[in-house]
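Presented below is the structure to which this report refers.
For reference, positions follow the sequence shown, starting with 1.
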Amino acid sequence: MSLRPATASWFEMVTRRKDVSRAVACLARTGAVELETGEEVPSRYAIADLGRELKSWRDLRRRYAVYWPKAGVVDDLDAEIPQQLAWAVGQLDLWQKQADPIIERLERIDVEVKELSLLADALHRGGAELPPLDLLANPGTRIVSRLVAYPGSDGPKELPAVLVRRIEAPATTFFLAIGRAADIRDLDAQTAASKATNVPLPAWLPAGRDQAIDEIALRRTELGQERGRLEVSLSELADAHDLLRVLGTMRQVEWLSVQSEKLRTSDRLVWVTGWTSDRQGETLRRALRDDGVRALVRIADAPRDRDIPIVMRNAPWVRGFEALVRMLGTPAQSEADPSSLLAVIAPLLFGFMFGDIGQGLVLVAAGVAMQSRVPYLRILIPGGLMAAVFGALFGSVFAREDVIPALWLHPIAHPVEILVAALAMGSAILTLGLLLDAAQSHWRGEAARWWASRAGLTLAYAGFVGSPLRFEAAWLIPLGGLWFVIGAALQGRTRRFGEFLGALFGALAQYIEQALQLAINTVSFARVGAFALAHAGLSAAVVGVAEAAGGIGYWIVLVIGNVMIIALEGLVVAIQTTRLVLFEFFIRFLKGGGRAFQPLAPPGGNHTAAPHGAQPAHVRHNTRSFP
């Protein structure tokens, strides 16, 4: 296990122009490449400017996407990209001309069904006192009727001189208005200016309410049947124009047009360059070979003055903790990647503050159950296991301390020992941070500067930590301070005495500041013990209330109490663990000055890399050639 993050390697690939689509998509599916041009100005784009065609495609997608089948991408095409695009656009044009009448009718059906649903709701709630509906639907020229649906309890601000019947519904308020045409026009103006809906009254409505409701239900059934027939026609039209392949082709071309700015090309060949996490290039070569792409791949020296991406190579059980590291940024090449250390430190802190066997195992079960849907929650597993370990040390099982004996001590009975243990844990973590800072100085070639000054700060901290055990260790504090101050002042290379004296005072102020920070950081870890005591106290309170309830109430209170502890205190303890890691441990050494390696997303928007040699489910292969 190495604490230094790895750097990505520079790769170069050459392939034929006709294979560029498949080659780049294949590289993307490995999840191991980040494209970047090898020259400041590429010689030519790998594909022509397709801005106009792609704009037309995006316009069509906004209008018709809801009526299209779900398609993946097609990357096995053997034609030049302009030819692919011309074929796909032509098929889309033909499909659009034949589909427009069907889609227009579908949209009219949807509107009518919505209006009929509102009308049926109004009639159901309007009661039997409604006027004859056939007269409302066909009122004549001088007297006009309207049914208006307002969301919630809203209504018109000013009612004109009309007869109005208000009908209340759970999410809608209906207003049935009857009056002169001029007055109804005033109501229409208010309706148009608000979020209200004017509900048409069909001319075929019968007079009675019950008969009208039956007729509406019959009409909705007829519309549903018609809609089903139209959807079948639309599906047949999609098959006739090979719409799945057309859409896959368009998505592939759109994706490739974005990537093409990072490719260089000649009349027959395309150069693909960038960064890869595959150091030897074997994974890339194998993926290309398995996909039948003819290409040459080599790992080469990176161009000068490039910001090399950082690849964090950690074991699967550690990767969940990388998110905490990235909160401060990606470690630079000369910085440590503390993810593997964090996989031990964070669960240790969490478990100490949340020590309970039963509650810890519940968190483990939650982590196992949810890790596939929310991968980050995988960190609940080590956190819960460590909570169970400390639960055994504290003798706590689901808030009860009388089930098993404590292997170490009960926190409530020994608060001083708990606080001292927390401070000792914090001191060890901070010492580790100082040692990582020393290692990073060596990696940067600044070992001499570290030994000249910051080594003194580390020595002083050792005296601060060791003095409670042996008083003689306290002499290390002024000794380390003197080391730091003189060494930092000498690094300034001042020649005059006055300048040297000023450098001494500046170094002294710097030492005092950093020493105080370390002391405060150490004391801050006392909260670990405080939260362990709080957890034990809350558990004792839950058990006390449960015993007071007695009988079946005992188990009800105990279950509810444990659920509250797991949900509320578990969240608080997790926040405190994150805070201690970020603001007490990381600040000792981590600056986060690196650039994260960002793998090229495969076409179709799926960022998850597939196993090499296997095709993800979202890729639809079709060996049929273009006409």
Side-chain angles (χ1 to χ4, degrees), residues 62-71 95-140 143-155 164-178 184 187-188 191-192 194-241 243-244 247:
R62 281 192 293 270
R63 171 69 178 89
Y64 296 105
V66 69
Y67 300 103
W68 286 343
K70 292 184 178 180
W95 175 87
Q96 180 188 1
K97 291 176 182 177
Q98 299 178 46
D100 271 342
I102 300 175
I103 292 174
E104 289 174 5
R105 179 56 189 157
L106 282 171
E107 291 174 345
R108 288 198 300 269
I109 288 175
D110 290 341
V111 171
E112 186 175 354
V113 168
K114 180 181 178 181
E115 292 171 347
L116 290 175
S117 297
L118 288 172
L119 178 58
D121 192 18
L123 295 181
H124 271 295
R125 300 180 182 279
E129 299 82 9
L130 290 172
L133 299 177
D134 57 341
L135 296 180
L136 293 178
N138 304 276
I143 301 298
V144 182
S145 62
R146 288 287 187 275
L147 179 62
V148 184
Y150 281 83
S153 58
D154 292 342
V164 175
R165 171 73 184 277
R166 183 186 180 103
I167 302 172
E168 298 285 351
T172 310
T173 301
F174 296 95
F175 288 86
L176 179 59
I178 305 171
I184 293 296
L187 183 61
D188 289 341
T191 301
S194 65
K195 296 181 179 179
T197 302
N198 199 339
V199 183
L201 300 173
W204 44 261
L205 276 180
R209 181 182 71 105
D210 294 338
Q211 294 87 346
I213 292 174
D214 292 339
E215 288 294 329
I216 291 172
L218 180 61
R219 177 59 179 165
R220 291 175 63 181
T221 301
E222 293 173 350
L223 291 173
Q225 293 172 349
E226 184 182 359
R227 197 182 205 290
R229 292 191 296 270
L230 292 173
E231 287 175 345
V232 170
S233 299
L234 210 55
S235 178
E236 293 173 348
L237 198 60
D239 291 339
H241 293 284
L243 202 57
L244 275 175
L247 298 176

Which atom names give the shortest non-hydrogen contact between [X] and [Y], and what distance separates them?
X	Y	result
Pro151	Lys195	CD-O, 3.8 Å
Tyr150	Ser194	CE2-OG, 3.7 Å
Leu247	Pro69	CD1-O, 3.6 Å
Ala149	Val199	CB-CG2, 4.1 Å
Glu112	Arg219	OE2-NE, 2.9 Å
Ala137	Pro202	CB-O, 3.1 Å

Legend entry - Under 3.5 Å: donor-acceptor pair, side chain of Arg165, backbone of Gly126: yes

Inset, instruction - May I ask you to decide if Val113's main-chain N or O and Ser117's side chain share a donor-acceptor pair within less than 3.5 Å? - result: yes

Euclidean distance, [Y] [atom2] relative to [X] [atom1], rounded to 0.5 Å:
X	Y	atom1	atom2	answer
Leu119	Ile213	CG	CD1	9.0 Å
Glu107	Leu230	CD	CG	11.5 Å
Ile184	Ser145	CD1	OG	7.5 Å
Leu237	Leu243	CG	CG	8.0 Å
Thr197	Leu118	OG1	CG	6.5 Å
Leu234	Tyr67	CG	OH	8.5 Å

Legend entry - Asp188 vs Val148, side chain to side chain contact (heavy atoms under 4.5 Å, CB included): CA-CA, chis, key distance, verdict: CA-CA 9 Å; Asp188 289 341; Val148 184; 5.7 Å; no

Going by side-chain contact (heavy atoms from CB on, under 4.5 Å), name the residues that satisfy it together with [X], two or more places apart in sequence or in a different chain.
X	value
Asp110	Arg227
Pro200	Glu115
Arg125	Asp121, Ile167, Ala169, Pro170
Ser233	Ile102

Legend entry - Set of side-chain hydrogen bond (donor to acceptor under 3.5 Å, both in side chains) partners for Arg166, sequence neighbours left out: Glu168

Inset, instruction - Output all residues satisfying salt bridge (Lys or Arg N to Asp or Glu O under 4.0 Å) with Arg105, sequence neighbours left out; order by chain, then residue number. - result: Glu226

Inset, instruction - Would you mind reporting whether Asn138 and Trp204 have side-chain heavy atoms less than 4.5 Å apart? - result: no

Inset, instruction - Indicate yes or no: at least one non-hydrogen side-chain atom of Gln98 is less than 4.5 angstrom from one of His241. - result: yes

Inset, instruction - Take Leu123 and Leu133 through the side chain to side chain contact (heavy atoms under 4.5 Å, CB included) test and state the conclusion after the steps. - result: CA-CA 10 Å; Leu123 295 181; Leu133 299 177; 3.9 Å; yes

Inset, instruction - Output, in order, the C-alpha distance, side-chain angles, deciding distance and verdict of side chain to side chain contact (heavy atoms under 4.5 Å, CB included) for Leu136 and Leu205. - result: CA-CA 9 Å; Leu136 293 178; Leu205 276 180; over 6 Å; no

Legend entry - Intermediate values then yes/no, side chain to side chain contact (heavy atoms under 4.5 Å, CB included), Phe174 and Thr172: CA-CA 6 Å; Phe174 296 95; Thr172 310; 3.9 Å; yes

